[in-house]
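Please read the structure below before turning to the comments.
Chain letters run A, B, ... following the sequence lines, proteins first and then strands; every chain starts at 1. Since the structure is predicted, the reported quantities are computational estimates derived from the model, not experimental observations.
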Amino acid sequence: MKFSVTVTLKKDVLDPQGKVVQNTLLNLGMDNLKSIRQGKFFEIEIDEKDEEVAKKRINEMCQKLLANLIIEDYKINKL
Amino acid sequence: MKSSVIVFPGSNCDRDIAVALEKMQFKNQMVWHKETTLPKSDLIVIPGGFSYGDYLRSGAIAGKSLIIEEVIKAANSGCFILGICNGFQILTETGLLKGTLLRNKNLKFINRDVNIKVINNSSKFTSKYKLGQVLKINIAHNEGNYFTDDKHLKELKRENLIAFKYCDEKGKISEDSNPNGAIENIAGILNAKKNILGMMPHPERMIDKLVSNTDGLNLFSSLLN
């Protein structure tokens, strides 16, 4: 079973990298661009048949290592 | 006094801190991260560097290593723990210190001597400094922008847990004297029990007039007191 996890900075945490990417795109003429937040993407394969059990495990992975919950949020999606 | 320096793949200030500790007559041992037991120590130092190449987040992988379990046990039983630079980042990833270190606000790696002010001189790490004393200490980091939530920030102030703040050479604390965007110019913090200090500046680089100054020495002599 495959899942994706995206980790992004929380709304109220400053994202200087996202800001620089945003400014560069604006300079390239993307004038309707409103905002960019940069994050991380993980593709995770897990040896498990029960989707609920697998999701629980992935959640544990996010909490223990993949995200720093002080500054980051995460989303899990089944692929 | 016995000290241990934990060495991870990518640590690069481990020799410097060992030299500083030995100069101050600590009986020091280097401990490779794969060890599962710690030698008896009064002080454990997590040195600066780029453990695991800063993969995932600075300090994230080192923060889950085998030896860290032992460091947490030692910390909980009152052993003194000092985390410098990457060591500070690792301590926040283990949860021994609250908050985290974000990317520098200007997105640049900063390597220069900065001024920091002693905010707490009643801890075991800082007792030899004068309150409000201005030190000149080297910083060299990409993620030194300390961040924490409001609740913890209040606790830091209420319990006098802020050890050092970035300032100018006269001791003025302002945005202009903040090199990396750290919240309230925080350069180093203590845990609630005050046996753990995490700081971004490198006191181990300031122990010899020949190469820098000696502003870092009192941190080590405070511990010997």
Side-chain angles (χ1 to χ4, degrees), chain A residues 1-28 30 33-48 54-77 79, chain B residues 51-66 68-69 72 86 88-110 141-153 155-156 175 178-184 186 189 191 198:
Chain A
M1 213 175 277
K2 270 190 176 174
F3 292 85
S4 75
V5 170
T6 48
V7 177
T8 46
L9 284 171
K10 286 186 182 188
K11 260 194 196 140
D12 51 345
V13 177
L14 193 72
D15 175 18
Q17 292 187 83
K19 204 90 200 150
V20 169
V21 173
Q22 183 181 335
N23 289 342
T24 307
L25 284 172
L26 284 170
N27 290 343
L28 289 172
M30 310 292 174
L33 168 63
K34 271 180 84 176
S35 76
I36 286 198
R37 303 282 286 171
Q38 188 173 319
K40 291 181 189 126
F41 179 84
F42 301 88
E43 232 177 60
I44 302 174
E45 202 175 348
I46 186 164
D47 192 9
E48 175 61 58
K55 264 196 175 159
K56 235 178 152 177
R57 203 75 180 147
I58 304 275
N59 197 48
E60 214 183 322
M61 293 179 195
C62 292
Q63 304 238 348
K64 281 196 168 162
L65 184 67
L66 299 182
N68 179 342
L69 303 179
I70 304 164
I71 46 163
E72 292 170 329
D73 290 323
Y74 61 88
K75 272 189 205 132
I76 302 169
N77 280 308
L79 295 176
Chain B
S51 56
Y52 297 91
D54 276 353
Y55 287 3
L56 192 60
R57 294 178 302 274
S58 323
I61 308 292
K64 311 291 173 201
S65 60
L66 287 175
I68 284 295
E69 303 267 322
I72 292 171
N86 189 225
F88 185 12
Q89 295 162 342
I90 293 168
L91 288 178
T92 62
E93 283 287 342
T94 61
L96 284 173
L97 288 174
K98 289 186 203 163
T100 191
L101 283 312
L102 297 173
R103 188 92 189 261
N104 293 343
K105 203 174 166 186
N106 66 2
L107 294 176
K108 287 183 178 130
F109 184 93
I110 308 169
H141 59 244
N142 202 29
E143 281 90 11
N145 177 353
Y146 183 71
F147 178 84
T148 194
D149 59 34
D150 281 346
K151 192 172 157 237
H152 179 230
L153 188 61
E155 184 196 334
L156 286 175
E175 219 178 296
N178 187 340
N180 52 26
I183 195 163
E184 304 225 355
I186 290 174
I189 59 160
N191 66 329

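Of the possible polar contacts, none joining the Arg103(B) side chain to the Asp15(A) backbone as a donor-acceptor pair under 3.5 Å is found. Side-chain N or O atoms of Lys64(A) include none that pairs as donor or acceptor with a backbone N or O of Lys64(B) at under 3.5 Å.
A 6.0 Å sphere centred on CG of Asp47(A) holds no more than 12 heavy atoms belonging to other residues, nucleotides or ligands. In the displayed structure, Lys75(A) atom NZ is contacted under 6.0 Å by at most 12 heavy atoms of other residues, nucleotides or ligands. Counted within 6.0 Å of CZ on Arg57(A), heavy atoms from surrounding residues, nucleotides or ligands total 12 or fewer; the atom is thus considered open. Surrounding OH of Tyr55(B) are at most 12 heavy atoms belonging to other residues, nucleotides or ligands under 6.0 Å away. Within 6.0 Å of atom CD in Glu69(B), 12 or fewer heavy atoms from other residues, nucleotides or ligands are found, so the atom counts as exposed in its surroundings.
Lys19(A) contributes atom NZ, which lies 12.0 Å from atom NZ of Lys105(B) (distance to the nearest 0.5 angstrom). Annotation: the span from Thr100(B) atom OG1 to Ile70(A) atom CD1 amounts to 5.5 Å, rounded to 0.5 Å.
Inter-residue side-chain proximity for Leu14(A) and Leu102(B) is flagged as unmet; no heavy-atom pair is nearer than 4.5 Å.
The parts of Leu65(A) that come within reach of chain B are both its backbone and its side chain, each placing non-hydrogen atoms under 4.5 angstrom from that chain. Neither the backbone nor the side chain of Val7(A) comes within contact range of chain B, judged by heavy atoms closer than 4.5 Å. Only the side chain of Leu107(B) comes within contact range of chain A, with at least one heavy atom under 4.5 Å from a heavy atom of that chain.
When each of Asp12(A), Leu9(A), Val20(A), Leu66(A) is scored by its heavy-atom pairs under 4.5 Å with chain B, the top score falls to Leu66(A).
Taking both residues in full, the closest heavy atoms of Lys40(A) and Leu56(B) are given as NZ-O, 2.8 Å, listed atom of the first, atom of the second, then distance.
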